[in-house]
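We count residues from 1, following the sequence as given. Computed from heavy atoms alone, side chains included, the values below leave out hydrogens, waters and symmetry copies. None of these values were measured; they are calculated from a predicted model.
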Amino acid sequence: MTDDELEQYLKDSIATLRILLDKRSERFEELVASYVADLTYLLSLGRISEEDYNELTEPDNLRF
């Protein structure tokens, strides 16, 4: 995954989560967990920094 693809993935994921939250979807929490797992994996690969990981997984930031 290139840096541009990674950036697009993050933007798309956040957009999807915002829509699900707005619609009060039952799947929101499930997809948040998947998103955080993906970020954890990207951190383990060194594709995102620990600072970015912490910011992207901050509970207040997941409520958009």
Side-chain angles (χ1 to χ4, degrees):
M1 181 180 281
T2 67
D3 288 344
D4 290 338
E5 290 171 328
L6 178 58
E7 182 178 347
Q8 190 61 49
Y9 165 76
L10 293 171
K11 287 178 182 179
D12 290 347
S13 295
I14 291 168
T16 299
L17 292 173
R18 285 182 177 160
I19 291 167
L20 292 175
L21 184 61
D22 285 346
K23 292 185 176 201
R24 301 188 192 287
S25 172
E26 295 177 8
R27 294 209 46 208
F28 175 76
E29 293 299 330
E30 179 183 328
L31 290 177
V32 166
S34 178
Y35 171 70
V36 171
D38 289 346
L39 292 175
T40 301
Y41 179 67
L42 291 169
L43 176 65
S44 74
L45 294 176
R47 296 292 290 140
I48 61 173
S49 69
E50 190 167 345
E51 182 180 332
D52 288 340
Y53 173 83
N54 291 335
E55 183 178 332
L56 292 166
T57 59
E58 173 67 35
D60 289 340
N61 292 340
L62 293 174
R63 293 291 170 201
F64 313 106

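Judged by distance alone, the side chain of Glu5 and the main-chain N or O of Thr2 form a donor-acceptor pair under 3.5 Å.
Between Val36 and Tyr53, the shortest heavy-atom contact is CG1-OH, 4.2 Å. Scanning both residues, Leu42 and Tyr9, for their nearest heavy atoms gives CD1-CE2, 4.5 Å.
Note that CD1 of Ile14 and CG of Leu21 are 13.0 Å apart. Values are rounded to the nearest 0.5 Å. Residue Leu20 holds its CG atom at 12.5 Å from CZ of Arg18, rounded to the nearest 0.5 Å. One finds the CD atom of Gln8 at 9.5 Å from the OG atom of Ser13 (value rounded to the nearest 0.5 Å). Note that CG of Leu45 and OG1 of Thr40 are 11.0 Å apart. Values are rounded to the nearest 0.5 Å. Between the CG atom of Leu56 and the CG atom of Leu43 there is a distance of 10.5 Å, given to the nearest 0.5 Å.
Criterion: ILVMFWY side-chain heavy atoms under 4.5 Å apart, direct or through other members. Under it, Tyr41 and Leu6 are not part of a common hydrophobic cluster. Put simply, Leu10 and Ile19 are part of two different groups of oily side chains (I, L, V, M, F, W, Y) that touch within less than 4.5 Å, one to the next.
Heavy atoms from other residues, nucleotides or ligands lying under 6.0 Å from CD of Glu58 number more than 12.
The shortest distance between side-chain heavy atoms of Thr16 and Tyr35 does not fall below 4.5 Å.
Every salt bridge (Lys or Arg N to Asp or Glu O under 4.0 Å) that Asp3 has, sequence neighbours left out, goes to Arg47. Residues passing the salt bridge (Lys or Arg N to Asp or Glu O under 4.0 Å) test with Lys11, sequence neighbours excluded: Glu7.
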